[in-house]
Number of protein chains: 2
Amino acid sequence: MTAASIAKDLRAAIRSGTYTPGDRLPSEAALMATYGVARMTARHGLSMLKDEGLTVTRHGSGVFVRAFEPIIRDTTGAPADDSTVTAEIDETGAGLTVRTLAVTAEADAPEKVRTALGLAEGDKVTVRERLHLRERKPVLFATSYLPASIAAGTPIAERDVGQGGTHARLADAGHAPVRFREDVVARMPSIEEIEELRIEPGTPVLAVTRTAFAADGTPVELSHVVLDAGEFMLRYDID
Amino acid sequence: MTAASIAKDLRAAIRSGTYTPGDRLPSEAALMATYGVARMTARHGLSMLKDEGLTVTRHGSGVFVRAFEPIIRDTTGAPADDSTVTAEIDETGAGLTVRTLAVTAEADAPEKVRTALGLAEGDKVTVRERLHLRERKPVLFATSYLPASIAAGTPIAERDVGQGGTHARLADAGHAPVRFREDVVARMPSIEEIEELRIEPGTPVLAVTRTAFAADGTPVELSHVVLDAGEFMLRYDID
DNA sequence: TAGTGGTCTAGACCACGTT
DNA sequence: ACGTGGTCTAGACCACTAT
């Protein structure tokens, strides 16, 4: 029970404010001495806090109490920029930049994408991938799929979609999105996501699947968005 | 690098379908033999998968690949039962039951609650706590705060709020909620939440802060909802 | 260079489940 | 009884960070 009790003590100390965000916790050696345990036991106690997302470790330097200052991603039925997501984040999350990673005019659609967009087998999709960064750190990764029958040959299939973003271009093409569905799940990140978003151990991701529908009810865009949960709060206003 | 490579191999095997949800992974002893490593190393490899939420361990029985069959919590601007949350979950999540844990007619309000509800210092709140279970397993814990000036003396301060739930009673009192704001965050659970919701290691929680506003814009209810992310998907329909 | 965390070994005892 | 995971020890070597 010693590793657990070390974690318990430190956790209580963090909650009570003995250690505040940014503070360094006692070193492994210090814990070994105070609790009279082996190193692996002290480590295990500390690792529990890390798994809870309470601390971050810095190799060679120490274990530190973690902070949470979320970017608010506001998803009201709202006017759009590159995508609704981008526009709204820019309002609240100062210092956010967007990097378009790849745009493919015509690609094969994974089965789930095809189903969600109501496409037939063999139908192509336009794929846009982008990354959002907060002060150099990647915090959000998004992949958008649009039917190539709509998007190919328009600025949507270009790197620069122009003023108003994909939604404005969809409107230009007579497919203005008017209704959205967002499905939100939280889970631990995959290895790829840990690397891509440089996610701290003990931090989950929010995975948002967003479907945009035109006035006639046809889906015109499917987006998979993965957000570092250590960086974001999702806000929904519902009438 | 061995613990990491064991995790890598097993992860790949799970992704490729060699092990499907419910399957048992090789035991620690088996991994020690195949990889020629010490037990702690094999354990560490397995613990990585657990931390990623890919597996669950059953003491004395083995390590198993995990499944995800989410309950869809649909939060459209919707008619309300006990609370909107409850009503909507019942539609989709078969076998969900609600247990009202505690109802306090008049309690002191934590500062954050007071601010969110626009109350003055010393103002009291009515507090309702409830737990949702899926087949005996608790999956959601919710605490609702309402201004006691509105709720005390009404069925809202009783265990049984009656047909239509708190929202119907608020409407009866002339404070029908018409607008909602939901702030969604994902994080690792606290120890209390792990115990209360019996959350598997490697599973985050979704923490939803929901504010209900009456037609005149005054907040009439603040709810803190914690959901086991291994059990839920949040759905938002936006116009 | 000294102190920090990261990884691994080899062995022990305990607690839980299945047979 | 046996095999499973859970915990702990005591010691080693490595990699990173500060001074």
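Because the structure is predicted, anything quoted here is derived from the model rather than measured. Within every chain, numbering begins at 1; the chains are lettered A, B, ... in the order of the sequence lines, protein sequences first and strands thereafter.
Residues of residues 24-32 of chain B having a heavy atom closer than 4.0 Å to DNA chain D, listed by number: B:Ser27, B:Glu28. Within residues 53-60 of chain B, the residues approached by DNA chain C to less than 4.0 Å at the level of any non-hydrogen atom are B:His59, B:Gly60, in residue-number order.
In this structure, CG of A:Asp51 is placed 15 Å from C1' of C:dG6, rounded to the nearest angstrom. C:dG6 atom P lies 14 Å from atom NE2 of A:His44, rounded to whole Å. Atom-to-atom, CZ of B:Phe64 to P of D:dT4 comes out at 11 Å; the value is rounded to the nearest Å. Regarding A:Ile6, its CD1 atom lies at a distance of 13 Å from the P atom of D:dT7, rounded to whole Å.
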Let me check something: any side-chain donor-acceptor pairs from residues 194-206 of chain B under 3.5 Å, sequence neighbours excluded? List them with distances.
from     : atom 1 : to       : atom 2 : distance (Å)
B:Thr203 : OG1    : B:Arg66  : NH1    : 2.8
B:Thr203 : OG1    : B:Arg66  : NH2    : 2.7
B:Thr203 : OG1    : B:Glu200 : O      : 3.0

What side-chain donor-acceptor pairs closer than 3.5 Å can you find for residues 39-49 of chain A, not counting sequence neighbours?
from    : atom 1 : to      : atom 2 : distance (Å)
A:Arg39 : NE     : A:Glu28 : OE1    : 2.7
A:Arg39 : NH2    : A:Glu28 : OE1    : 2.9
A:Arg43 : NH1    : A:Glu28 : OE2    : 2.7
A:Ser47 : OG     : A:His44 : O      : 3.0

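A donor-acceptor pair shorter than 3.5 Å can be found between the side chains of B:Thr75 and B:Arg73.
In this view, A:Phe68 and A:Pro70, B:Val185 satisfy the side chain to side chain contact (heavy atoms under 4.5 Å, CB included) rule, not counting sequence neighbours. By the salt bridge (charged side-chain N to carboxylate O under 4.0 Å, His left out) test, A:Arg24 is found to be paired with no residue, residues two or more places apart in sequence or in another chain being considered. Judged as a side chain to side chain donor-acceptor pair (under 3.5 Å), and not counting sequence neighbours, B:Tyr19 has no contacts. Shown here are the side chain to side chain contact (heavy atoms under 4.5 Å, CB included) partners of B:Ser223, two or more places apart in sequence or in another chain: B:Ser144, B:Arg210, B:Glu221, B:Val225. Considering only residues two or more places apart in sequence or on other chains, B:Asp108 meets the side chain to side chain contact (heavy atoms under 4.5 Å, CB included) condition with B:Lys124.
Legend: salt bridge (Lys or Arg N to Asp or Glu O under 4.0 Å) pairs involving residues 46-63 of chain B, not counting sequence neighbours, sorted by first then second residue: B:Arg11-B:Glu52.
For B:Arg99, the CZ atom is loosely surrounded, since the number of other residues' heavy atoms within 6.0 Å does not exceed 12.
Remark: A:Glu231 engages A:Arg134 in a salt bridge, criterion side-chain N to carboxylate O under 4.0 Å.
Between A:Thr2 and D:dC8, a side-chain N or O to OP1/OP2 separation shorter than 4.0 Å is present. Between A:Ser61 and C:dG3 there is no side-chain N or O to OP1 or OP2 distance below 4.0 Å.
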What are the atom names and distances for every N/O pair under 3.5 Å that joins the protein to nucleotides 10-13 of chain D?
from   : atom 1 : to      : atom 2 : distance (Å)
D:dA12 : N6     : A:Arg39 : NH1    : 3.1

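Taking the C1' atoms of five terminal pairs at each end of the helix from C:dT1-D:dA18 to C:dT18-D:dA1, the two resulting helix axes are inclined by 10°, rounded to 10°.
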